[in-house]
Amino acid sequence: MSKSVLITGAARGIGRACARKFAEEGYAVTAGYVRAAEQAERLKEEITQMGGQCLTVAADVQDRAAVHRMVRLAQAHFGTPDVLVCNAGIAQQKLFSEITEEEWERMLSVNVGGMYRVIQEALPDMISRGSGSIVTVSSMWGQVGASCEVHYSASKAAVIGLTKALAKELGLSGIRVNCVAPGVVATEMNAMHGTDVLQELAEQTPLNRIGTPEEVADMVYLLASEQARFVTGQVLGVNGGMIL
């Protein structure tokens, strides 16, 4: 049986690029999504046309029952995932003084709580097997913080803490846990900044451009692969040198 990967937030952006990358490398893909059903089905068609296998599952990572169902469907179709990519996340720009309780709680529930739920549901079978790789997706703002994105930065910093602590806890179980921290990447999420702001951010980056989802996906795959078999608890910045 081929290896398999479960990716959350897989219908668009970095998650979609990860799904395609793993499929190209021969992995059967379970692609989790929330509302982007049309994009998820197009992804499935693309992977199928490539000769790969793809299962799409609608699952809000804030909903424990939905997460449980997604993990069980992945296991039923492709066996216990060899790789878990925790990518689902949201963002918002807002002055700290104007962030509502609801907005604060939702940011943490999706970006951190979602990883907690997905990993916790998938982990028992990975531990029983004695192997596996988990890759979390943070942000460079989780490393240094961003003005007007305090709740987002806090959630992404928590992802880094989760990664490092879990890597220590799971090492003896043969499971590696690593993190990618993307910089400014050309995704729908970052499109909200507008062309002028993105150009300014590109000019602030030593490589003088913004990144692509595929470049992040390459690093996610690297951390999950056997090439990184002695790497765990690490945060890999994919930011063009913007954060050094």
Side-chain angles (χ1 to χ4, degrees), residues 1-11 13-33 40 43-44 46-47 50-57 59 61 67-68 70-89 114-138 159-160 162-164 166-167 169-182 213-236 238:
M1 180 179 290
S2 64
K3 290 186 176 182
S4 67
V5 58
L6 169 58
I7 304 170
T8 62
I14 290 171
R16 185 185 191 86
C18 287
R20 288 182 57 87
K21 174 64 178 179
F22 277 90
E24 289 169 0
E25 297 294 338
Y27 280 70
V29 177
T30 298
Y33 69 95
L43 172 66
K44 182 177 181 177
E46 290 172 12
I47 290 176
M50 291 163 50
Q53 300 179 78
C54 181
L55 168 70
T56 58
V57 183
V61 294
V67 169
H68 177 84
M70 175 178 65
V71 172
R72 294 297 169 264
L73 284 171
Q75 292 171 333
H77 280 75
F78 304 128
T80 299
D82 298 278
V83 178
L84 187 59
V85 179
C86 296
N87 169 71
M115 292 191 183
Y116 151 71
R117 296 179 194 96
V118 172
I119 294 170
Q120 200 172 65
E121 286 290 336
L123 200 53
D125 286 337
M126 295 176 79
I127 290 174
S128 294
R129 187 182 57 198
S131 67
S133 177
I134 300 170
V135 183
T136 63
V137 179
S138 179
V159 168
I160 292 173
L162 181 155
T163 300
K164 290 179 176 291
L166 198 57
E169 186 171 322
L170 297 180
L172 289 177
S173 297
I175 299 167
R176 299 183 299 106
V177 190
N178 290 290
C179 177
V180 293
E214 290 73 22
E215 288 168 326
V216 180
D218 285 343
M219 294 301 99
V220 170
Y221 178 76
L222 174 64
L223 288 174
S225 74
E226 281 298 300
Q227 290 178 292
R229 58 188 175 275
F230 196 55
V231 178
T232 195
Q234 303 304 305
V235 181
L236 179 57
V238 190

How far apart are the C-alpha atoms of Arg20 and Leu43, what are their side-chain angles, what is the distance that settles it, and do they pass the side-chain contact (heavy atoms from CB on, under 4.5 Å) test? CA-CA 8 Å; Arg20 288 182 57 87; Leu43 172 66; 3.9 Å; yes

Decide side-chain contact (heavy atoms from CB on, under 4.5 Å) for Val5 and Val85; before the verdict, give the C-alpha distance in whole Å, the side-chain angles of both, and the deciding distance to 0.1 Å. CA-CA 7 Å; Val5 58; Val85 179; 4.0 Å; yes

Quick one, Asn87 and Cys18 - any side-chain contact, counting heavy atoms below 4.5 Å? no

Of Asn178, Thr232, Thr136, the one forming a side-chain hydrogen bond (donor to acceptor under 3.5 Å, both in side chains) with Thr163 is Thr136

Checking side chain to side chain contact (heavy atoms under 4.5 Å, CB included) between Val137 and each of Val159, Val180, Ile7, which is the one that passes? Val180

Which of Val216, Val135, Val220, Leu223 passes side chain to side chain contact (heavy atoms under 4.5 Å, CB included) with Leu236? Answer is Leu223

For atom CD of Glu25, decide whether the heavy atoms of other residues, nucleotides or ligands shown that lie under 6.0 angstrom number more than 12. yes

Taking the side chain as C-beta and beyond, is there a heavy-atom pair between Val118 and Leu84 under 4.5 Å? yes

So how far is it from Met126 CE to Thr80 OG1, rounded to the nearest 0.5 Å? 8.5 Å

Going through the checks in order, is the side-chain contact (heavy atoms from CB on, under 4.5 Å) test met by Val67 and Gln120? CA-CA 10 Å; Val67 169; Gln120 200 172 65; over 6 Å; no

Within this structure, what is the OG-CG distance for the pair Ser225 and Asp82, rounded to the nearest 0.5 Å? 12.5 Å

Nearest 0.5 Å, please: how far is OG in Ser133 from OH in Tyr221? 10.5 Å

Could you check whether Arg72 and Gln75, counting side-chain N and O atoms only, form a donor-acceptor pair closer than 3.5 Å? yes

So, do Val235 and Lys164 sit near enough that their side-chain heavy atoms are less than 4.5 Å apart? yes

Residue pair Leu170, Ile134: steps toward the side-chain contact (heavy atoms from CB on, under 4.5 Å) verdict: CA-CA 10 Å; Leu170 297 180; Ile134 300 170; 4.2 Å; yes

When rounded to the nearest 0.5 angstrom, what is the spacing between CZ in Arg16 and CD in Glu46? 4.5 Å

Please name all residues satisfying ring pair (Phe, Tyr, Trp, His ring centres under 6.0 Å) with Tyr33, sequence neighbours left out, ordered by chain then number. none

Minimal non-hydrogen separation, Thr8 against Ala88, with atom names: OG1-N, 3.0 Å

Search all heavy atoms of Ser138 against all heavy atoms of Cys179 and return the closest pair with its distance. CB-SG, 3.5 Å

